[in-house]
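Below, each value reflects all heavy atoms present in this structure, side chains not excepted, and no hydrogens, waters or symmetry copies.
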Amino acid sequence: RGSVIKHDEHPCSRRLAVMVPLEVPTIQAAVDLMVERLKAGGEEKKNGGRARAQESRGCIYIRPGTYHEQVVVRGPCKLIGDTEGTDVAIVAKGQPAVTFEGETLE
């Protein structure tokens, strides 16, 4: 059982929170989904909406386990290990497991 039982109540809004692998199968899928959601939120802000003004990055909760993938983060996301005493490992053979690339969300 992870530390976020009711992640709807976490400071990151539900729209900007994803749980791996419960909602999406991979960390990369969660990152891609989050970037799309953040871009949509940017459009809301440009159109005068201030309800989400404090949201600057999404939360990606990763359940315990070993994930064999290469993750490329292309937007402002928090990667959070949702664990209690167990580990989250991201393993990529012969390449970086996690890479952060700068991209401006407009």
**Request:** Identify, with sequence neighbours excluded, every residue that meets side chain to side chain contact (heavy atoms under 4.5 Å, CB included) alongside Q70.
**Result:** A92, Q95, P96, T99
**Message:** The criterion is side chain to side chain contact (heavy atoms under 4.5 Å, CB included); which residues satisfy it with V24, sequence neighbours excluded?
**Reply:** V18, V20, A29, A30, L33
**Least distance between heavy atoms, P64 atom then D82 atom** = CD-O, 3.5 Å
**Fill in**
Smallest heavy-atom separation, Q28 atom then E69 atom, equals N-OE1, 3.0 Å
**Message:** How long is the straight-line distance from CD1 of I60 back to CE of M19, given to the nearest 0.5 Å?
**Reply:** 12.0 Å
**Request:** Determine whether V31 and V72 make a side-chain contact, defined as any pair of heavy atoms from C-beta on separated by less than 4.5 Å.
**Result:** no
**Request:** Mind checking the NE2-CD1 spacing from H68 to I27? Nearest 0.5 Å is all I need.
**Result:** 11.0 Å
**Request:** Would you check, one step at a time, whether the test side chain to side chain contact (heavy atoms under 4.5 Å, CB included) holds for V88 with Y67?
**Result:** CA-CA 8 Å; V88 170; Y67 297 84; 4.2 Å; yes
**Asked** Atom CG in L79, atom CD1 in I90: separation rounded to 0.5 Å?
**Response** 6.0 Å
**Complete:** For L38 and P76, the nearest pair of non-hydrogen atoms, with its separation, is CD1-O, 3.3 Å
